[in-house]
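Notes for the one structure printed next.
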Amino acid sequence: MLFNHYQDNRSAIAVKIPRMGFAVAFCVLALAAPILTLDNGLMRTPPMGWLAWERYRCDIDCQNDPKNCISEGLFRDMADRLSEDGWRELGYSYINIDDCWSDMNRDGNGRLQADAKRFPSGIPHLARYIHNRGLKLGIYGDMGTHTCGGYPGTTLDKITTDAQTFADWEIDMLKLDGCYSNVTEQEQGYPAMSKALNATGRPIAYSCSWPAYQGGLPPQVNYTLLGEICNLWRNYGDIQDSWSSVLNIADWFFKNQDILQPAAGPGRWNDPDMLVIGDFGLSMDQSRSQMALWAIMAAPLFMSNDLRTISSEARTILQNKVAITINQDPMGVQGRRLLVESSGIEVFWRPLSDKTSALVFFSRRTDMPYRYQTSLGKLHYATGTYQIYDVFAQREMPALKDSTSFLVSINPTGVVMWYISAPADEDQDNAHAGGKLRGPAFHRSANHILL
Ligand code: GLA
């Protein structure tokens, strides 16, 4: 059933964006290697929500830090904010507990239990609180003897019990970390948990940290298998609240895009880790860069910040409707880096449904706004006139011909992000272009315009 959906979806790519050479190349690649998805029907678009780890870590000091410690109050506060401040309507629907939620011991029946001091009402009660607000609850476990923070892990013999406990508690998503286990245990444990979650009959989305523990790349990582058993997976190291960390992660993902890009699709996503927008480490330009690059990557959008005190600037970036639309595109094709210029400018592209696409112009420079000159033709767009919407300036730009050279001004460590569509009446005229890259006219110089 899901497999058929998936096939339909992939065929649609070829039909919907016939005029773009790169897109056609993607389709051929993707069709050549069909991949089954986890059979739970979840996360047809990248999940969105809030996750405790990056901002709140293993703060269990509720006595001295009651507002920020890992406790039911923190998750209730964030659920209130998600449901009352416009986040839920935009798609941010998961509230995810990370490490350090549990008691140091299992209960008398060998089941995990929450720390009773910090979660006095219990997880099922918290789940109801969150569900009553139209949100979903995620929890954290670890394939191994201990979680990374030293709490009880899920050894192979405990997989069925823990899956059933989470289902009984009405949990909606599980992140399964991989500390304190070896290669063989992980090889058995990650697929076994997928099966065990399915067997509970409750749809529980499954986030696997497995590839991050295998170095993130084949031959250790089998992305075909991951697509069959997990809805998302952490490929790489933990994000920190700094620009260097965001950049390091983005660089790794785009450097390895030939491997990672085909692994993603509806129901199965690469996860470059949380959004740190709204914390302390990123400037507003860098925040827009993280939002733009995560949208291009079709990445899960899990914020890890304080929604009670977030600045209006950071909120505006995280609540940007067009950036979210790009991230959530139903076709679910992960984007790619098209160009790395010696000037320090990079260009990223993602094909989207209904003949639309997204472009990101990104500057690694640290001096001053850089005026980058190019044309849509140079970026492999076929003949035609395109409608351009500047995502963060939130304005419609003048229509742009593929051959028209333009200048775009990109701030240091910042981005310009465009949402691009071809006017409907151009479709017929250009239907014959059939995805071919443009011919010699492509190089003709034209007057450039400053956008
Ligand atoms: C690992 C994970 C993090 C977080 C911590 C919790 O480092 O990669 O995302 O879950 O463990 O201890």
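Indexing begins at 1, ligand by ligand and atom by atom, following the structure's order. If you're wondering where the values come from, they're calculated on a predicted model, not measured in any experiment.
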*Using the ring of each side chain (for Trp, its six-membered ring), is Phe361 parallel, tilted or perpendicular to Tyr372, with breaks at 30° and 60°?*
tilted
List, for ligand 1, each N/O atom that has a protein N/O partner under 3.5 Å away, with both atom names and the distance.
residue  : atom   : partner : partner atom : Å
ligand 1 : 7 (O)  : Asp238  : OD2          : 2.6
ligand 1 : 8 (O)  : Arg234  : NH1          : 3.3
ligand 1 : 8 (O)  : Asp238  : OD1          : 2.5
ligand 1 : 8 (O)  : Asp238  : OD2          : 3.4
ligand 1 : 9 (O)  : Lys175  : NZ           : 2.8
ligand 1 : 9 (O)  : Arg234  : NH1          : 3.1
ligand 1 : 10 (O) : Asp98   : OD1          : 2.6
ligand 1 : 10 (O) : Asp98   : OD2          : 3.4
ligand 1 : 10 (O) : Lys175  : NZ           : 3.0
ligand 1 : 10 (O) : Asp177  : OD2          : 3.4
ligand 1 : 11 (O) : Asp177  : OD2          : 2.9
ligand 1 : 12 (O) : Asp99   : OD2          : 2.7

_Within the 6.0 Å centroid threshold, strictly below: Tyr129 and Phe75_ = no
*Kindly state each residue pair satisfying disulfide bond (SG atoms under 2.5 Å apart) with at least one member in residues 64-133, sequence neighbours excluded.*
Cys58-Cys100, Cys62-Cys69
_Run the salt bridge (charged side-chain N to carboxylate O under 4.0 Å, His left out) test against Glu185 and tell me which residues pass, sequence neighbours left out._
none
_Qualifying disulfide bond (SG atoms under 2.5 Å apart) pairs, either residue in residues 124-185, two or more places apart_ = Cys148-Cys179
*Residues, nucleotides or ligands: over 12 heavy atoms within 6.0 Å of Met104 CE*: yes
